[in-house]
Asker: 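Just passing along the structure, written as structure tokens.
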Amino acid sequence: MDIRDQLTAQLPEGLIVAEATDTDDESLGTLRIPDVLVVPRAAMETDDPLDPREIVLAIEIVSPSNPDNDYRDKSADYPAMGIPHYLIFDPRDGTWTYQWGIDTCGGRPAYGNRLRKQPYGTPLAVVTDIGTWKLDTGALPRYSRKDMMLPPVPTPEPGSGTDTDTGV
């Protein structure tokens, strides 16, 4: 079951899972489009960009071509925009990172808590004021070498000694 379906099955009435919705923080001059988000249904009833302070959880799936956008840029922007929970799935290496608890001790909003680079299959619980949502990451897809624009792994030729040949 994919993450959207897992979340939908656990959300209380009034919250929904949405995809690729513009969220704009005019005070920061920042527009972001989370891949998946959990938000009150009523907040989506607008033609304007979504108020980021309405988002309970933002989820990003790391792009093979621009991972810094999710790990560095959005990890800085989302707490500044008031998004309390941020989850990153990385199909390049089959890991997830969960960040939560906005802290302003350093002068700029940042996530105070992080679970970094946990392998798919590691238990994941998103604990919010609204509830705890448990997600099974064991069957999440991974990118192929082609998806990551890497050359195929060469196939050893028979007798080359690079596979299970005996003698060398």
Asker: Can you find a pair of side-chain heavy atoms, one from R32 and one from N69, that are under 4.5 Å apart?
Answerer: yes
Asker: Hey, which of I88, L87, N113, I83 is the one that makes side-chain contact (heavy atoms from CB on, under 4.5 Å) with Q99?
Answerer: I88
Asker: Could you state whether I16 and L50 fall into the same hydrophobic cluster, counting links through intermediate Ile, Leu, Val, Met, Phe, Trp or Tyr residues with side-chain heavy atoms under 4.5 angstrom apart?
Answerer: yes
Asker: If you define the side chain from C-beta out and look only at heavy atoms, does anything of D70 sit under 4.5 Å from Y86?
Answerer: yes
Asker: Roughly how far apart are T30 OG1 and K74 NZ, rounded to 0.5 Å?
Answerer: 12.0 Å
Asker: Can you confirm whether V126 sits close enough to T128 that some side-chain heavy atom of one is under 4.5 Å from a side-chain heavy atom of the other?
Answerer: yes
Asker: Testing I59, L115, V62 one by one against W96 for a side-chain contact (heavy atoms from CB on, under 4.5 Å), which residue passes?
Answerer: L115
Asker: Please confirm whether the backbone N or O of V127 pairs with a side-chain atom of T132, one donor and one acceptor, at under 3.5 Å?
Answerer: no
Asker: Can you tell me how far apart CG (L57) and CG (L11) are? Round to the nearest 0.5 Å.
Answerer: 9.0 Å
Asker: Would you say the side chain of K134 lies within less than 4.5 Å of the side chain of P123, judging by non-hydrogen atoms?
Answerer: no
Asker: For the CZ atom on R41, are there more than 12 heavy atoms of other groups (residues, nucleotides or ligands in this structure) within a distance under 6.0 Å?
Answerer: no
Asker: Given side chain to side chain contact (heavy atoms under 4.5 Å, CB included), test Y111 with D103 step by step and report yes or no.
Answerer: CA-CA 6 Å; Y111 290 113; D103 184 355; over 6 Å; no
Asker: Give, for atom CE of M81 and atom CG of D51, the distance between the pair rounded to the nearest 0.5 Å.
Answerer: 9.0 Å
Asker: Would the number of heavy atoms belonging to other residues, nucleotides or ligands and lying under 6.0 Å from CZ of R116 be above 12?
Answerer: no
Asker: Which heavy-atom pair separates I55 from P84 by the least distance, and what is that distance?
Answerer: O-CD, 3.2 Å
Asker: Looking at every non-hydrogen atom in both residues, tell me the closest pair between K117 and D90 and how far apart they are.
Answerer: NZ-OD2, 3.2 Å
Asker: Using 0.5 Å steps for rounding, measure from the OG1 atom of T8 to the CG atom of D2.
Answerer: 8.5 Å
Asker: Taking side-chain contact (heavy atoms from CB on, under 4.5 Å) as the test, write out the residues that go with D48, two or more places apart.
Answerer: T46
Asker: What pair of heavy atoms forms the shortest contact from P141 to P91, and how long is it?
Answerer: O-CB, 3.7 Å
Asker: Once you round to the nearest 0.5 Å, how far does SG of C105 lie from CD1 of I102?
Answerer: 13.0 Å
Asker: At their closest point, which heavy atom of A43 faces which heavy atom of V39, and how far apart are they?
Answerer: CB-CG2, 3.8 Å
Asker: With the 4.5 Å side-chain cut-off for hydrophobic clustering, are Y71 and L140 part of the same group?
Answerer: no
Asker: Do I33 and V36 share a hydrophobic cluster (ILVMFWY, side-chain heavy atoms under 4.5 Å, transitive)?
Answerer: no
Asker: Do W133 and I3 touch side chain to side chain, with heavy atoms closer than 4.5 Å?
Answerer: no
Asker: Is there a donor-acceptor pair closer than 3.5 Å between any side-chain N or O of D35 and the backbone N or O of I61?
Answerer: yes
Asker: To the nearest 0.5 Å, how far apart are CG in L135 and CG in D5?
Answerer: 11.5 Å
Asker: Give me the one residue out of T23, L7, T21 that meets side-chain contact (heavy atoms from CB on, under 4.5 Å) with L37.
Answerer: T21
Asker: What's the verdict on salt bridge (charged side-chain N to carboxylate O under 4.0 Å, His left out) for D147 and R142, showing C-alpha distance, side-chain angles and the deciding distance?
Answerer: CA-CA 9 Å; D147 292 335; R142 303 260 319 259; over 6 Å; no
Asker: Between S63 and Y143, what is the shortest heavy-atom contact and its length?
Answerer: CA-OH, 4.1 Å
Asker: When the ring planes of Y120 and F89 are compared, do they come out parallel, tilted or perpendicular, using 30° and 60° as the limits?
Answerer: perpendicular
Asker: So do R92 and P67 actually touch side chain to side chain, heavy atoms under 4.5 Å?
Answerer: yes
Asker: Ring centres of W100 and Y98 under 6.0 Å apart?
Answerer: yes
